[in-house]
Amino acid sequence: MSQMTILTGPERRRRWSEEDQCRILAAAFAPGATVVAVARQYDVATSLIYKWRRTVRARETGFAEVVVVPDDPVAASVPAAPPAVIELEIAGKVRLRIPLTTPPTLAAAMVKALGVS
């Protein structure tokens, strides 16, 4: 008589949506978290989490989203920055003014030092 084995448990070739990947990556690299603990929680290999992180980093072009807002009367009362300056406001907490003469690598290092990536 033939023997049949039935495998139970999660399917090994799962397809993770981009939202799930981002959620798992955020949990894995949050302050105080460990990749191993998050991998166990979501039943995913640690190597896959690192692969997702490499993929996300490879997609980054180094450019940030820019939002242009129209002038309004309230903003006119605030002193304007010198015209030869790039001004970044990060999460309403930090304001960074970078002169246009700053080399791009130095500007990127300043932004990275503030924890914005």
Side-chain angles (χ1 to χ4, degrees):
M1 180 173 262
S2 308
Q3 184 177 10
M4 182 184 295
T5 304
I6 299 176
L7 301 173
T8 61
E11 182 182 339
R12 287 291 134 198
R13 284 229 170 234
R14 289 177 285 183
R15 305 268 182 208
W16 295 94
S17 69
E18 193 168 328
E19 293 83 24
D20 288 338
Q21 291 177 14
C22 290
R23 184 172 37 85
I24 293 170
L25 283 172
F29 296 103
T34 63
V35 174
V36 172
V38 173
R40 285 184 188 141
Q41 176 185 354
Y42 289 100
D43 193 28
V44 64
T46 55
S47 61
L48 189 56
I49 292 176
Y50 287 112
K51 179 182 176 185
W52 290 342
R53 183 173 70 168
R54 281 191 308 273
T55 303
V56 168
R57 284 183 175 174
R59 280 189 295 206
E60 292 178 356
T61 61
F63 292 98
E65 178 182 353
V66 175
V67 178
V68 178
V69 294
D71 290 335
D72 54 43
V74 176
S77 65
V78 177
V85 172
I86 298 171
E87 184 172 321
L88 301 171
E89 185 171 308
I90 302 164
K93 298 178 183 177
V94 178
R95 183 171 290 162
L96 177 65
R97 291 185 178 150
I98 304 172
L100 291 179
T101 57
T102 304
T105 54
L106 179 59
M110 289 189 295
V111 172
K112 191 172 187 175
L114 292 172
V116 180
S117 25

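All heavy atoms count here, side chains included; hydrogens, waters and symmetry mates do not. Computed from a predicted model, the values in this text were never measured in an experiment.
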Item to complete: Start with the C-alpha distance between I24 and F29, add both sets of side-chain angles, then the distance that settles side-chain contact (heavy atoms from CB on, under 4.5 Å), and finish with yes or no.
Response: CA-CA 9 Å; I24 293 170; F29 296 103; over 6 Å; no
Worksheet item: Please walk me through it: do I49 and Y42 pass side-chain contact (heavy atoms from CB on, under 4.5 Å)?
Response: CA-CA 11 Å; I49 292 176; Y42 289 100; over 6 Å; no
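Connection of W16 to V35 is established within a shared hydrophobic cluster, with ILVMFWY side chains joined at heavy-atom distances below 4.5 Å, either directly or through further cluster members.
Side-chain atoms of W52 and V44, non-hydrogen and from C-beta on, do get closer than 4.5 Å to each other. The shortest distance between side-chain heavy atoms of M110 and I98 falls below 4.5 Å.
Atom OG1 of residue T102 and atom CZ of residue R97 lie 13.5 Å apart, to the nearest 0.5 angstrom. Rounding to the nearest 0.5 angstrom, the gap separating the CG atom in L48 from the CD atom in Q21 is 7.0 Å. The distance from atom OG of S47 to atom CZ of R54, rounded to the nearest 0.5 Å, is 8.5 Å.
Listed here is the closest heavy atom pair of A39 and T46: CB-CG2, 3.6 Å. Taking all atoms of both residues into account, the shortest heavy-atom contact from A27 to A33 is O-CB, 3.1 Å.
With sequence neighbours excluded, the residues forming a side-chain contact (heavy atoms from CB on, under 4.5 Å) with P103 are T105, L106, listed by chain and number.
More than 12 heavy atoms of other residues, nucleotides or ligands lie within 6.0 Å of CZ in R23, so this atom counts as buried by the packing criterion.
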